[in-house]
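The structure under discussion appears below in the form of structure tokens.
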There are 2 protein chains.
Amino acid sequence: MRTDTTFKRAFNDMIDILRTLDLGEELPSENALRTQLGVSRTTVRKVLAGMSARGIITSEAHKRIMREQPRQIERYPKEETLAISEQVETNFMEWMLRDNACPGTEINEAELARRFGVATTIVREFLNRFQRYGLIEKRQNAGWVFKGFTASFALELFEIREMFEMRSARLFATLPDGSPVWKQVSAMRTAHLELLADIDARFQDFSELDSRFHRLIAAVAPNRFIESFQDVIAIVFHYHYQWNKRDERTRNEVAIREHLALIDALESRNISLIDRTCRSHLTSARETLLRSIV
Amino acid sequence: MRTDTTFKRAFNDMIDILRTLDLGEELPSENALRTQLGVSRTTVRKVLAGMSARGIITSEAHKRIMREQPRQIERYPKEETLAISEQVETNFMEWMLRDNACPGTEINEAELARRFGVATTIVREFLNRFQRYGLIEKRQNAGWVFKGFTASFALELFEIREMFEMRSARLFATLPDGSPVWKQVSAMRTAHLELLADIDARFQDFSELDSRFHRLIAAVAPNRFIESFQDVIAIVFHYHYQWNKRDERTRNEVAIREHLALIDALESRNISLIDRTCRSHLTSARETLLRSIV
DNA sequence: CACATGTTTCTTATGTATAAAAAACGGGGG
DNA sequence: CCCCCGTTTTTTATACATAAGAAACATGTG
């Protein structure tokens, strides 16, 4: 009943590993592969068996040899490497953000399960996890209510975000020169500059950089609740902007420049400058989001 | 497969409703009872059928009459009125806070299900919901890790709590005289004074009052993420202090006095006084919690 | 004896089944 | 036509089943 997405993902990854080997070369041990692929040895063995069956490697006694370069053709398609629970997330976000989904809509576990073609258990599990994002609410012995991806959602989200982010940014002013964080900040600046230099081609890479940037700032003083809130922000932005591409290039370019200003401010250790720069970035991000909600 | 806890709870509640009626009096309509009991009409009818079967009421055509006062004996025991998912919560919190459960302990869905005598589905569902409290973490394709009810958990919790609470408390300074909130604040003071007057007998009632007090403060400017965080606080305090009774009376009395001081401060609209009083209460609550963790 | 591979056992991810509860439907009386 | 009650349909809460994956155990080889 369980899908073999872990196997398929590992299989695809193994192709990349094999491509680094020469013909006739001996493969790493199962345990080494286990670490490289990040799966259990059981799955490693299944992958190796698959490679054997395709004639890509040969398994002699206690020895596996590269026989033939695997071709990209052999890869499993991306969809088959996603666990059902991940597909449900995508399906649901799409339903919510792209289709109808006006505030107050009742969410029906059974119907979603039918629509997505999965078991109710999975939908239920997803909704239970998704609850923490503040977009749905459960009613006892009945279904869920969708509260809407509304302006007030965005405002509440940003109120918290501002509290958290200002708290972390301010802490930078007190960070000693020797802290390893400064190196990461500096690397972050480089990454931003590189993206900016090639913005026309790479503007879509910003989303991931954005998330990494804000996580770096928060990580200056770890707090599990703040980190968990960043998951909320990440998922909201990821999916929302995935279906709202308006002005994407401009939007991202503006944000990059704001990030660079904030990096300068952090390095200056000037607390009032940090405050101003950080708040202005958040205000601008909030306005951008609000404008795109309508 | 599903338990009939909703029915049993409604049945017990119905006994209380029937006790307000005279013998021979006609019962309210099914719809009216539905609202009073907060369940579906299906369940109301099941309850009525049960009452009929016991001879407590008679059902003539389109008319139900009180026949006999129900006795308390007829009540279902409390345990049978709790949904399995609620029992699992209690069981789990008990396992976590009272039994072993040191940081890093691996949590095994299957084993917990066996231990609690329930289906794995339910345990899984519970863990998924419980994840947001920041005490457990999931590892892909494997079990969960208990992060420990540690000092750092308490510190992180209180860092957020302070941010949120100070934010709300400060807003009181700008609240107009006519705001209905002031009535609620004043009622809150009365409730505290009453509890204080009878502290020796009622000190255990504080926990619930505490939660209501902090929710009232937060409600001055509703934010779903803050409200959701208060659930975290509520559950942590509820269960933790349920098994840590040391100094309970003193602890609660101190907190009541701090609440009263905060109420005075709020009413004064003096922002620096509010700040000071609020922070000092939170500091004291934090220290109390830290002391009880050891 | 350290580490690699082969084998067995246990756990998780996901589907299916079903009683309980909710919701929808429908007829009848004031 | 609105509300009440009887009936039917749909959905949720919970149990159980099973393939995939992880972990534990066993055996072999340099």
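Below, read A as the first sequence line, B as the second, and so on, with proteins coming before strands; counting in each chain starts at 1.
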Within this structure, what is the [atom1]-to-[atom2] distance between [X] and [N], rounded to whole angstrom?
{"X": "A/Tyr76", "N": "D/dA20", "atom1": "OH", "atom2": "C1'", "result": "14 Å"}
{"X": "A/Asn128", "N": "C/dT14", "atom1": "CG", "atom2": "P", "result": "15 Å"}
{"X": "B/Glu111", "N": "D/dA23", "atom1": "CD", "atom2": "P", "result": "15 Å"}
{"X": "B/Leu112", "N": "D/dA15", "atom1": "CG", "atom2": "P", "result": "14 Å"}
{"X": "A/Asn91", "N": "C/dT14", "atom1": "CG", "atom2": "C1'", "result": "16 Å"}
{"X": "B/Lys138", "N": "C/dT12", "atom1": "NZ", "atom2": "P", "result": "7 Å"}
{"X": "A/Arg45", "N": "C/dT8", "atom1": "CZ", "atom2": "C1'", "result": "12 Å"}
{"X": "A/Leu37", "N": "D/dG21", "atom1": "CG", "atom2": "P", "result": "13 Å"}

Is any side-chain nitrogen or oxygen of [X] closer than 4.0 Å to OP1 or OP2 of [N]?
{"X": "A/Arg124", "N": "D/dT14", "answer": "no"}
{"X": "A/Ser85", "N": "C/dT14", "answer": "yes"}
{"X": "A/Lys63", "N": "D/dG28", "answer": "no"}
{"X": "B/Asn108", "N": "D/dA23", "answer": "no"}

Between A/Glu30 and A/Arg64, is there a side-chain N and carboxylate O pair less than 4.0 Å apart?
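Salt bridge flag = yes for A/Arg64 with A/Glu30.
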B/Arg54 with B/Glu68: basic N within carboxylate O range, under 4.0 Å
no
Quick check on DNA chain C: between B/Arg114 and A/Ile122, whose nearest nucleotide comes earlier from the 5' end?
B/Arg114
Any luck finding a side-chain donor-acceptor pair between B/Ser59 and B/Ser52 under 3.5 Å?
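Yes, because at least one side-chain N or O of B/Ser59 sits under 3.5 Å from a partner of the opposite role on B/Ser52.
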Taking atom types as modelled and ignoring hydrogens, do the side chains of A/Arg34 and A/Thr43 form a donor-acceptor contact shorter than 3.5 angstrom?
no
Identify whether any heavy atom of B/Arg64 sits under 4.0 Å from a base atom; if not, whether one sits that close to sugar-phosphate; answer base, sugar-phosphate or nothing.
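B/Arg64: backbone/sugar contact only, no base atoms under 4.0 Å.
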If you look at every strand shown and take non-hydrogen atoms under 4.0 Å, does A/Thr121 touch a base, only sugar-phosphate, or nothing?
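Base: the residue A/Thr121, judged by heavy atoms under 4.0 Å, touches a nucleobase.
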By nearest nucleotide on DNA chain D, pick out whichever of B/Val118 and A/Glu109 is the more 5' one.
A/Glu109
Judged by each residue's nearest nucleotide on DNA chain D, which is more toward the 5′ side, B/Ser29 or A/Trp144?
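The residue whose closest nucleotide sits nearer the 5' end is B/Ser29.
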The complete set of ring-ring contact (aromatic ring centres under 6.0 Å, His included) pairs with one or both residues in residues 22-44 of chain B, sequence neighbours excluded, reads none
Just do the side chain to side chain donor-acceptor pair (under 3.5 Å) check on A/Tyr239 and A/Glu94 with the steps written out, would you?
CA-CA 8 Å; A/Tyr239 284 105; A/Glu94 188 157 348; over 6 Å; no
Nucleotide by nucleotide, 5' to 3', does protein get under 4.0 Å of the base (B), only the sugar-phosphate (S), or neither (-) in nucleotides 19-30 of chain C, counting heavy atoms?
BBSBBB------
Across all chains, not counting sequence neighbours, the side chain to side chain contact (heavy atoms under 4.5 Å, CB included) partners of A/Thr58 are A/Glu60, A/Ile65, A/Arg67
